[in-house]
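Below is one structure; the comments refer to it alone.
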Amino acid sequence: MSAAPSSSGGVVRGRVRDRRGSSRGSPRPLRGASGTPWLYLAPALVVLGGLLVYPVYQLGLISFLEYTQAQVSGGEPTTFQGFGNYAELFGDAQFWRVLVATVVFAAACVVSTLAVGCALAVLLTRVRALPRLVLMLAALGAWATPAVTGSTVWLLLFDPDFGPVNRVLGLGDHSWTYGRYSAFALVLLEVVWCSFPFVMVTVYAGIRAVPAEVLEAAALDGASQWRIWRSVLAPMLRPILVVVTIQSVIWDFKVFTQIYVMTNGGGIAGQNLVLNVYAYQKAFASSQYSLGSAIGVVMLLILLAVTLVYLRLLRRQGEEL
């Protein structure tokens, strides 16, 4: 290091440079460094390949075969059907009814989960430490509860004979799982209850990372809390909101346990069926494993399409994830 006196009597520190003007102390890029991250990711990619790629391959393969109980037991040979299973599936009117019900139900769950999670995340920034801790623990308790346990507890709460909800509301022996829409509403409440903690904690962490000066400036300009969220926080938290939205879409579109437990396998005459439960009935109740696999492939393609379209729209808006 060299030092030269400045005009003010101080000392200016500088780096020793070679004849080409480059700093001797500057780091040089390592050869082969571009492939180094893949070496660290390789073990995880191998595990993910075994857990995801191979099952998806088997799912797609079975969907093109005639694979029923006769083929499983070895009584009949497995034959290639091509797109015959998909033609049979798309020609079934019940499949389209279940698909529409699944899309509407999943959309309602996603919107409700995001609304509750974001609202509680903002609330966490407004309350003191003790209420914040209590709310966090309660939310994490809901998050950690297994789906079967949570569904059973909600059934007991809304039980027509012994449930406290009917007594408080004065509904007598009203059965929430008898009607189609009331059963879907009950399942929606349970799904939101066990899903909002993820959104709440994630969005809360993002809000805490926003500089306080930005929020104070918006408040001094007279912006309401809703205006601050819509015009300040939501644009700054858009990458986080994208992640929780896509994750919620994936979770809620493939809901199985809550529907199966709370509606006893899909409701009366299958009025509360969603695609995941419908696939289970085709594959295991009817032993039509090829049709169940075809439904699984359709669900996978729908989720991939929704995710890619959403990311493409964000890229057009100039957002970087």
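Just so you know, these numbers use all the heavy atoms, side chains as well, and skip hydrogens, waters and symmetry mates.
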Under 3.5 Å donor-acceptor pairs involving side-chain atoms of residues 54-65, not counting sequence neighbours:
from	atom 1	to	atom 2	distance (Å)
Tyr54	OH	Gln58	NE2	3.0
Ser63	OG	Gly60	O	2.5
Ser63	OG	Tyr86	OH	2.8

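Taking 4.5 Å as the limit, some side-chain heavy atom of Ser151 sits within range of a side-chain heavy atom of Met262.
Scanning for side chain to side chain contact (heavy atoms under 4.5 Å, CB included) contacts around Ala279 gives Ile295, with sequence neighbours left out. Partners of Trp143 by ring-ring contact (aromatic ring centres under 6.0 Å, His included), not counting sequence neighbours, listed by chain and number: Phe198, Trp251. Applying the side chain to side chain contact (heavy atoms under 4.5 Å, CB included) test to Ser195 and every residue at least two apart in sequence or in another chain returns Thr113, Val191, Asp252. Under the ring-ring contact (aromatic ring centres under 6.0 Å, His included) criterion, Phe184 pairs with Phe105, sequence neighbours left out. For Thr307, the side chain to side chain contact (heavy atoms under 4.5 Å, CB included) test picks out Ile246, Leu311, with sequence neighbours left out. Checked against ring-ring contact (aromatic ring centres under 6.0 Å, His included), Tyr178 has no partners two or more places apart in sequence or in another chain. Applying the ring-ring contact (aromatic ring centres under 6.0 Å, His included) rule to Phe253 yields no partners; only residues at least two apart in sequence or on another chain are considered. Every side chain to side chain contact (heavy atoms under 4.5 Å, CB included) that Phe284 has, sequence neighbours left out, goes to Tyr280, Tyr289.
Residue Val100 is found in a hydrophobic cluster whose other members, listed by chain and number, are Val104; membership requires side-chain heavy atoms under 4.5 Å apart, directly or through intermediates. Taking Ile, Leu, Val, Met, Phe, Trp and Tyr as hydrophobic and joining them when side-chain heavy atoms fall under 4.5 Å apart, one finds Leu137 in a cluster with Leu133. Cluster note: Leu156 groups with no other residue, as no ILVMFWY side-chain heavy atom lies under 4.5 Å from it.
A donor atom on one side chain and an acceptor atom on the other are found under 3.5 Å apart for Thr79 and Gln81.
When every heavy atom of Ala283 is checked against every heavy atom of Gly292, the shortest pair comes out as CB-CA, 4.1 Å. For the residue pair Ala70 and Ser73, the shortest heavy atom distance occurs at O-OG, 3.2 Å. Between Asp161 and Arg167, the shortest heavy-atom distance links the atoms O-NH2, 3.9 Å. Considering all non-hydrogen atoms of both residues, Pro197 and Ala139 come closest at CG-O, 3.1 Å. The heavy-atom pair separating Thr263 from Ala183 by the smallest distance is CG2-CB, 4.2 Å. Here the shortest heavy-atom pairing between Leu275 and Val98 reads N-CG1, 3.6 Å.
Linking ILVMFWY side-chain heavy atoms closer than 4.5 Å, directly or via other members, places Val103 and Leu301 in a single hydrophobic cluster. One hydrophobic cluster holds both Val210 and Trp226 under the rule that ILVMFWY side chains link at heavy-atom gaps under 4.5 Å. Cluster membership check: Val53 does not share its hydrophobic cluster with Leu41, using side-chain heavy-atom separations under 4.5 Å among Ile, Leu, Val, Met, Phe, Trp and Tyr. Leu157 and Leu171 fall within a single hydrophobic cluster, where Ile, Leu, Val, Met, Phe, Trp and Tyr are joined by side-chain heavy atoms under 4.5 Å apart, directly or via other members. A single hydrophobic cluster is not seen to contain both Trp38 and Val46; linkage of ILVMFWY side chains at heavy-atom distances under 4.5 Å, directly or through other members, places them apart.
No donor-acceptor distance shorter than 3.5 angstrom exists from the side chain of Glu190 to the backbone of Val187, with no hydrogens or angles considered. Of the possible polar contacts, none joining the Thr202 side chain to the Val199 backbone as a donor-acceptor pair under 3.5 Å is found. Put simply, the side chain of Ser112 never gets that close to the backbone of Cys109: no donor and acceptor are under 3.5 Å apart. At least one donor-acceptor pair closer than 3.5 Å links the side chain of Asp159 to the backbone N or O of Phe162. Side-chain N or O atoms of Gln281 include one that pairs as donor or acceptor with a backbone N or O of Gly265 at under 3.5 Å.
Other residues, nucleotides and ligands place more than 12 heavy atoms under 6.0 Å from the CZ atom of Phe256. Environment of CZ in Arg227: sparse, with no more than 12 heavy atoms of neighbouring residues, nucleotides or ligands closer than 6.0 Å.
A distance of 9.0 Å separates CG in Leu233 from CD in Gln225, rounded to the nearest 0.5 Å. Summarising the geometry, atom CD belonging to Glu66 is positioned 12.5 Å from atom CZ belonging to Phe80; distances are rounded to the nearest 0.5 Å. The distance from atom OH of Tyr278 to atom CG of Leu273, rounded to the nearest 0.5 Å, is 8.0 Å. Rounding to the nearest 0.5 Å gives a distance of 5.5 Å between CD of Gln271 and CD1 of Ile268. Between atom CG of residue Asn272 and atom CD of residue Gln258 there is a gap of 13.5 Å, rounded to the nearest 0.5 Å. A distance of 8.0 Å separates CG in Leu169 from CZ in Phe158, rounded to the nearest 0.5 Å.
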Discussion item. Before you tell me yes or no, could you show the steps for Met299 and Ile302 under side-chain contact (heavy atoms from CB on, under 4.5 Å), namely the whole-Å CA-CA distance, both residues' side-chain angles and the distance that decides it to 0.1 Å?
Written reply: CA-CA 5 Å; Met299 292 180 59; Ile302 291 175; 5.8 Å; no
Worksheet item: Can you list the steps and then say if Arg238 with Val242 is a side-chain contact (heavy atoms from CB on, under 4.5 Å)?
Response: CA-CA 6 Å; Arg238 184 167 295 179; Val242 169; 4.3 Å; yes
